[in-house]
Number of protein chains: 2
Amino acid sequence: MEGIGKEIMYSVFRMQKALYRLVREDAARVGITEVQLMILYTLLKKENIRLNDLAEKLNLSNSNVSGTVDRLVSAGLVARETSKQDRRAVVLSLTDRGRQAIQEAFNHESVLRKRLKRIEETFKEEEILQYLSIQQKMKDILLGEE
Amino acid sequence: MEGIGKEIMYSVFRMQKALYRLVREDAARVGITEVQLMILYTLLKKENIRLNDLAEKLNLSNSNVSGTVDRLVSAGLVARETSKQDRRAVVLSLTDRGRQAIQEAFNHESVLRKRLKRIEETFKEEEILQYLSIQQKMKDILLGEE
DNA sequence: TAGAAATAGTTTCAATACGAATTATTTCTA
DNA sequence: TAGAAATAATTCGTATTGAAACTATTTCTA
């Protein structure tokens, strides 16, 4: 817990908060929450995904995703139906309103998009790749997967 | 939302999850939660801190910290008293049991500590500093503080 | 092939998490 | 110096969060 290791931890927490804040801003603009937005985005990129896969992609527990999907279904943004291949499984997809919501969230007004673009313009690509590579390795060490 | 910006976002989320998991493990060993542990740690490093400053250091809302401190006070790990200088403010400090808990959480059994140490051993110091520097700059861009 | 094990989701529970409204106090300013 | 504005916490309401227990279904295996 001493020295530079602690710095890494605090730095990651701050970075994550900053990102989350922007996601929340975009989400609030269309009247949903951060996690709901991320779920819609994931569904936009890959329709007919299972709840488990969704949870894994977002790094969330599936109890969590299960509840959040509940609210999205109630709000009429996501459709949930039992898989025909595996009746234990649930398959999720966007409704038209859901598609509309996600597109509106990430339209030209999206602050997250603007800022991410600015990051891409500020750093050399190889710097970013270097950053991602180090972070990936650190994460593997943390998870005991080196 | 496209390209490498999205990668940065997902990478940070994964890294943060990995760190949080280890903090949770240490916290569970002494019967408290992640956030409670981080509060105790912050109090260990700086006694007699105000709730506001604590929230800022941890990047949490003070409504959140207020509630969590409640639980820590109930558990007898933290003492809360009104500041003599400013009667609006609350000053927090560790109780003996609180000090004991935090030291036990980060003793030689701490997985977080071991893994952070392994990270320090794996990377060259300048690599880590480079990583921290890029992350700091990215965060500032995200917050619009370049 | 019957029972065990594994898998997919849901439910439950306690603890975050944060914005907004509120209370109490302090500081500012006309 | 009285009222306004600012500051420090708390309270409230809603939405995550994840572990654990549970149900339902599928797959494995003796």
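Keep in mind the model is a prediction, meaning the values are calculated, not measured. Sequence lines set the chain letters: A, B, ... in the order given, protein chains first and strands last, and positions in each chain run from 1.
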What is the distance, to the nearest angstrom, from the CG atom on A/Leu54 to the P atom on C/dT10? 11 Å
Is it the case that the side chain of A/Glu127 and the backbone of A/Lys124 share a donor-acceptor pair, with hydrogens and angles ignored and the cut-off at 3.5 Å? yes
Shortest side-chain distance from A/Asn62, nucleotide among C/dT10, D/dT11, D/dT16: C/dT10
Which nucleotides of DNA chain C pair, in dot-bracket form (Watson-Crick or G-U under 3.5 Å, | meaning another strand): ||||||||||||||||||||||||||||||
Is B/Ile102 reachable from B/Val111 through a run of I, L, V, M, F, W or Y residues, each pair having side-chain heavy atoms under 4.5 Å apart? yes
In whole angstrom, what separates B/Ile39's CD1 from C/dA15's P? 13 Å
Is a donor on one side and an acceptor on the other found under 3.5 Å between the side chain of B/Thr95 and the backbone of B/Gly76? yes
Under 4.0 Å: is that the gap between some side-chain N or O of B/Ser66 and OP1 or OP2 of D/dT11? no
When rounded to whole Å, the CG to P distance for the pair B/Asp53 and D/dA9 reads 7 Å
Of all of residues 80-105 of chain A, which get a heavy atom below 4.0 angstrom from DNA chain C, listed by number? A/Arg80, A/Arg88, A/Ala89, A/Val90
Which whole-number value in Å describes the distance from B/Asn52 CG to C/dT25 P? 17 Å
Answer with yes or no whether the hydrophobic clustering places B/Met15 together with B/Ile4; edges join I, L, V, M, F, W, Y residues whose side-chain heavy atoms lie under 4.5 Å apart. yes
Can you confirm whether more than 12 heavy atoms, excluding those of B/Lys17, are under 6.0 Å from its NZ atom? yes
With the threshold set at 4.0 Å, does a side-chain nitrogen-carboxylate oxygen contact exist between B/Arg115 and B/Glu25? no
Whole-Å distance, A/Glu25 CD to C/dC18 P, equals 15 Å
Sorted by position of nearest nucleotide on DNA chain C, 5' first, the leading residue of A/Leu51 and B/Thr33 is A/Leu51
Between the side chains of A/Arg50 and A/Asp53, is the shortest nitrogen-to-carboxylate-oxygen separation below 4.0 Å, so that they form an ion pair? no
Could you list the protein-to-nucleotides 17-19 of chain D atom pairs, N/O on both sides, closer than 3.5 Å?
{"from": "D/dT17", "atom 1": "OP1", "to": "A/Tyr20", "atom 2": "OH", "distance (Å)": "2.9"}
{"from": "D/dG18", "atom 1": "OP1", "to": "B/Lys17", "atom 2": "NZ", "distance (Å)": "3.1"}
{"from": "D/dG18", "atom 1": "OP2", "to": "A/Ser61", "atom 2": "N", "distance (Å)": "2.9"}
{"from": "D/dG18", "atom 1": "OP2", "to": "A/Ser61", "atom 2": "OG", "distance (Å)": "3.4"}
{"from": "D/dG18", "atom 1": "OP2", "to": "A/Asn64", "atom 2": "ND2", "distance (Å)": "3.4"}
{"from": "D/dG18", "atom 1": "N7", "to": "A/Ser63", "atom 2": "OG", "distance (Å)": "3.1"}
{"from": "D/dA19", "atom 1": "OP1", "to": "B/Arg24", "atom 2": "NH1", "distance (Å)": "3.2"}
{"from": "D/dA19", "atom 1": "N6", "to": "A/Ser63", "atom 2": "OG", "distance (Å)": "2.9"}

Would you say CD of B/Glu109 has more than 12 non-hydrogen atoms from neighbouring residues, nucleotides or ligands within 6.0 angstrom? yes
note: B/Leu77, atom CG; C/dA15, atom C1'; distance rounded to Å ~ 15 Å
Taking atom CD of A/Glu47 as the centre, report whether more than 12 heavy atoms of other residues, nucleotides or ligands fall under 6.0 Å from it. yes
Spacing of B/Leu72 atom CG relative to C/dA15 atom C1', expressed in whole Å: 11 Å
For B/Lys114, does the NZ atom sit with more than 12 other heavy atoms under 6.0 Å from it, leaving out its own atoms? yes
Return the orientation label for the B/Tyr131 and A/Tyr131 ring planes: parallel under 30°, perpendicular over 60°, tilted otherwise. parallel
